[in-house]
> 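Sharing a structure with you now.
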Amino acid sequence: MADNLRAVMTGLDPAYAKRLADAFNVYLANLHVTLIKIHNFHWNVVGVDFFDFHRELDTVYEEVNKEIDRVAERIKMLGFYPLGSMQDFVRNATLQEAPSMPYDTFTIAYLVANDFAATARYLREVDEFVRETTDEFSIDLIANALAFLEKYVWFFTAYLEKMNYPQVPKQ
Ligand SMILES: [Fe+2]
């Protein structure tokens, strides 16, 4: 569309709205890859903590699912289309998918912490240009997203502590 009516009406710079919608679509793609991966791990977890991980991953799945809707709806408010196909999600995500196979709980904790941390680092880059605006909605969305992502980085790295597992890369 020639004019982004929603951005203009709410006082957002249309070029900024486009830049942010594109950035949020990458976040949305990462969330979808995460969603599928969490289901994969929920089904294929093996080992002593099977029951804990099977249950906990269900909780994580629900939270990721709610976050997906928040981000997609923000993209609509900005005047753009959220990505809507599996192909687009895989193509645009910065995260890799995982094959269906047995996973021990340490590997799952490591992979989940890594992915959540990578997405948090990505959102910090987005945050840099969002904070130069008065787009309080998106500033708040990113702050809440980081709270959610960093909580799970803590949970899953705490599980790995003193386990001699490779460290999650630092920022
Ligand atoms: Fe289930």
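Every number for a ligand or one of its atoms is a count from 1 in the order of the listing. Sequence positions, counted from 1, serve as the residue numbers for this chain.
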> Looking at CZ of Phe155 and CD of Glu56, how far apart are the two atoms once the value is rounded to the nearest 0.5 Å?
6.5 Å
> May I ask you to check whether Tyr16 and Asp135 show a side-chain donor-acceptor distance below 3.5 Å?
yes
> Does Pro102 have any side chain to side chain contact (heavy atoms under 4.5 Å, CB included) partners at least two apart in sequence or in another chain, and if so, which?
Val46
> Mind checking what makes salt bridge (Lys or Arg N to Asp or Glu O under 4.0 Å) contact with Asp22, not counting sequence neighbours?
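Asp22 satisfies salt bridge (Lys or Arg N to Asp or Glu O under 4.0 Å) with Lys18 once adjacent residues are dropped.
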> Please confirm whether the ring centroid of Tyr61 lies under 6.0 Å from the ring centroid of His39.
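That pair passes the under 6.0 Å test.
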> Who clusters with Ile36? Use side-chain heavy atoms, under 4.5 angstrom, across I, L, V, M, F, W and Y, and order the result by chain and number.
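Members besides Ile36, by chain and number: Met86.
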> Sort by chain and number the protein N/O/S atoms that are closer than 2.8 Å to the Fe ion (ligand 1), and list them.
His42 NE2
